[in-house]
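Take a look at the structure below.
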Amino acid sequence: MSTADTQVDQAAPPALELKGLGKSFRLKKGGFFRPGYVELKAVRDVDLTVPKNAIVGLVGESGSGKTTTGIMALRLIEPTTGEIWLNGENITALEAGELKRHRRKMQVVFQDSYSALDPMFTLAQIVAEPLHIHGIGSAAEQTDLALDWLERVGLHRSFGNRYPHELSGGQRQRVAIARALILKPDVLIADEPTSALDVSVKAQIINLLQDLQEDMGLSILFISHDLSVVRSLTDTVVVMFNGRIVEQAPTEAIFTDSRHPYTRSLLDAIPVLNPRHRRARTFRSRDELEADNPQIASGDLPDGPAPSDQPRLVSVAPGHRVEAVVTQ
Amino acid sequence: MSPSNLAATNQTVASRRPPPGSETEGGGDASAGASTPLVEIDDLHVSFAQHDGLVQAVRGVTFHVDAGESLGIVGESGSGKSVSCMAVLRLLQSPPARIEAQTLQIGGVSVMRAGKAQLSDIRGRLAAMVFQDPMTAFDPVFTIGQQIVETIRAHRSTSKAAARQEAHDLLARVEIRNPDAVLNSYPHQLSGGMLQRAMIAMALSCRPAVLFADEPTTALDVTVQAQILQLIKELQDDLKMGLVMITHDLGVIAETVDRVIVMYGGKVMEQARVEDIFDDPRHPYTIALMESMPGQEGGRRRLREIPGGSPNPVNPPTGCPFHPRCPQADSQCVSEEPAFAEIGPGRQAACWRVH
């Protein structure tokens with residue numbers, strides 16, 4: 001989508017907005033006789049906006065907090081701090097009944113399609129289940145719509161009678177997408193939906209997501225560690241590291257003009273598709289990055305924590321924000 | 001342990017090999033000439049009997065690996081790339097696996113005829129394998145140190161202390177910064193990248209002449225993947241070790257190997273030097289695979305996809321296995337199987353459109 005569209009969309013509330021979202025887990029520490037707890041800050045102070053009709057990539061390595069952020073946005077786990085806004089409405093504290101109404105507007109696709117589909121259900125039952133849960137239509141109408149959706153994601157209607165184990169990984173992911181979109185949500189959270197797939201199938205699923213996004217005017221938060229996929233699919237990229245956002249920018253700016261050392265090391269690690277350009281690698285691993293730059297590891301400024309009146313992320317170009325510590 | 005030590009062992013391995021021709025039935029390899037290749041597979045067929053029919057996982061695969069050479073095997077799941085390598089290491093339980101081949105050798109030894117003792121000598125000393133998921137490849141109830149020491153002592157008679165020192169050196173060799181701590185760690189205490197390094201150390205512990213790496217970085221984060229690939233490449237160069245890199249990721253291929261075979265539907269589609277494959281892919285499947293790689297150009301865009309899905313291994317397509325998905329297929333591709341034929345210096349392809 002063009003920048004002009006982005007500006008128009010800014011008038012309307014964004015599809016999904018996370019404000020200062022944080023999550024801490026209490027982990028047991030110490031032995032039987034000296035019990036104690038240590039607080040693990042999995043996600044810290046995440047501000048993230050998914051504009052209407054846009055695909056935002058959320059990238060980072062395992063342990064960066066990207067999946068935790070995604071499932072907090074869905075309110076599948078409760079945030080410790082911060083707020084979740086869906087279509088301009090604060091859903092952070094909604095009770096179960098009220099939340100269920102809003103969940104129609106926000107759906108999810110997970111990485112492992114095998115464990116995400118109930119092996120005892122036929123595909124028609126699986127795809128129709130959200131309609132059933134929300135009491136939409138008669139049983140016959142539900143099945144009919146489910147079969148329509150199987151077709152829409154590129155599977156034949158006859159697949160309705162099949163079971164998940166009969167399908168390939170790519171086909172199962174299509175079913176998961178059909179189930180997520182049958183309620184016509186505004187927001188789709190896709191957590192590594194292509195990571196388990198072969199290259200040729202990966203391309204199919206990426207194209208399918210692009211097409212559906214354009215047809216339905218969906219807003220997608222695409223969580224991935226695969227920067228190549230993110231480059232082809234997203235409008236904006238948000239980079240997470242140790243539970244915090246360290247950089248966010250329009251997708252091409254991330255690839256051509258990244259500012260944070262962690263983003264650069266991620267980019268540097270992408271294999272180059274040219275055997276003549278095997279590089280003596282200059283990238284540093286996450287461990288090395290943290291050892292050399294303790295302030296980057298902790299997210300603190302060199303002289304202690306960032307003053308609260310100062311933005312942690314500073315703007316370096318339109319739509320391009322980088323963790324302040326780096327620019328000091 | 002120094003690299004020169006390992007290289008010396010490889011020469012021992014080489015000298016143990018029988019003179020060329022003594023084991024192979026005729027059919028000498030054109031490119032090898034004087035010496036037998038380290039790994040030689042000729043017309044390998046592997047199938048598994050299942051309730052719904054015979055799964056034909058590998059259908060006539062031929063390739064070789066020379067000493068010190070790195071070969072990439074690229075293909076999607078179900079293409080037969082892993083099964084081919086497991087067959088040559090005799091890691092497939094038979095039954096249900098049925099293995100047939102003209103030649104199936106490592107270091108000049110026919111693995112089909114090898115007995116238990118000989119097989120155990122092949123695995124470890126001649127060839128070792130690193131798997132995708134290091135968490136399941138280690139035993140959770142023993143420390144890393146115990147497992148590496150056990151491996152060393154299973155193949156060589158050394159004292160426990162000497163084996164432990166060797167394990168320590170190996171861990172240092174794979175760039176683990178605190179080998180002592182890792183030796184005393186249980187698998188669940190280590191990260192995926194750390195475990196995969198330990199796995200590689202264990203695979204190197206018997207100084208194999210060839211290392212099979214089956215998707216060694218697929219389960220790892222990108223930055224860790226880059227490090228592990230670099231490590232494997234460096235070790236291969238230093239130790240003059242043969243390397244077989246099995247992967248579905250062309251990026252991994254581009255970064256690590258000298259020569260590539262592309263597999264599809266249990267068959268080899270194309271074989272070439274790595275530069276040739278990337279400069280000028282010839283088989284329509286290779287071309288489609290290249291074009292479907294995401295992120296090659298900037299900007300949000302649709303990717304070139306390969307329509308359809310992998311062939312059914314129980315009832316594979318007639319003719320060329322790729323014909324149902326191939327944009328260039330015609331009636332000949334449906335009815336006749338293309339031969340795996342020379343299409344240029346040192347490169348072959350199985351395609352009627354390319355011959």
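Residue numbering restarts at 1 for every chain, and letters A, B, ... go by the order of the sequence lines.
Among residues 214-227 of chain A, the residues having any heavy atom closer than 4.5 Å to a heavy atom of chain B are, in sequence order, A/E214, A/H225.
Only the backbone of A/N274 comes within less than 4.5 Å of a heavy atom in chain B; its side chain stays farther off. Using a 4.5 Å cut-off between heavy atoms, B/I277 does not touch chain A at all. Residue contact with chain A, scored on non-hydrogen atoms closer than 4.5 Å, involves the backbone of B/T256 exclusively. With a threshold of 4.5 angstrom between heavy atoms, A/T234 approaches chain B through N, CA, C or O but not through any side-chain atom. Contacts of B/R304 with chain A are made by backbone atoms alone, with heavy-atom separations under 4.5 Å and no side-chain atom involved.
The main-chain N or O of B/G308 is found under 3.5 Å from a side-chain atom of A/Q204 such that the two form a donor-acceptor pair. A distance-only check finds no donor-acceptor pair linking the side chain of A/S232 to the backbone of B/R301 [under 3.5 Å]. Listed for the B/Q225 side chain is no donor-acceptor partner under 3.5 Å among the backbone atoms of A/A269. Put simply, the side chain of B/D221 gets close to the backbone of A/S62: a donor and an acceptor are under 3.5 Å apart.
Atom CG of residue A/L273 and atom CD of residue B/E255 lie 9.0 Å apart, to the nearest 0.5 angstrom.
Counting heavy-atom pairs under 4.5 Å between each of B/D279, B/I253, B/L220 and chain A puts B/D279 at the top. Chain B forms the most heavy-atom pairs under 4.5 Å with one residue out of A/Q213, A/K202, A/Q171, and that residue is A/Q213. Heavy-atom pairs under 4.5 Å with chain A were tallied for B/R325, B/E291, B/E275, B/M290; the largest tally goes to B/E275. Most heavy-atom pairs under 4.5 Å with chain B, from the set A/V201, A/V230, A/T251, A/V229: that is A/V229. Residue with the most contacts toward chain B among A/G169, A/A196, A/S228: A/S228 (heavy-atom pairs, distance under 4.5 Å).
The two residues A/P271 and B/V252 make their nearest non-hydrogen contact at CB-N, 4.2 Å. In plain terms, the two heavy atoms of B/I306 and A/S200 that are nearest each other are CD1-CB, 3.4 Å.
Annotation: side chain of A/I270 is not in contact with side chain of B/V222 (no heavy-atom distance under 4.5 Å).
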**OP:** Kindly determine whether A/V199 and B/D249 satisfy side chain to side chain contact (heavy atoms under 4.5 Å, CB included), including the steps that lead there.
**Re:** CA-CA 7 Å; A/V199 181; B/D249 186 341; 5.6 Å; no
Subject >> Derivation of the side chain to side chain contact (heavy atoms under 4.5 Å, CB included) call for A/I206 and B/E305 >> reply: CA-CA 9 Å; A/I206 291 166; B/E305 58 183 73; over 6 Å; no
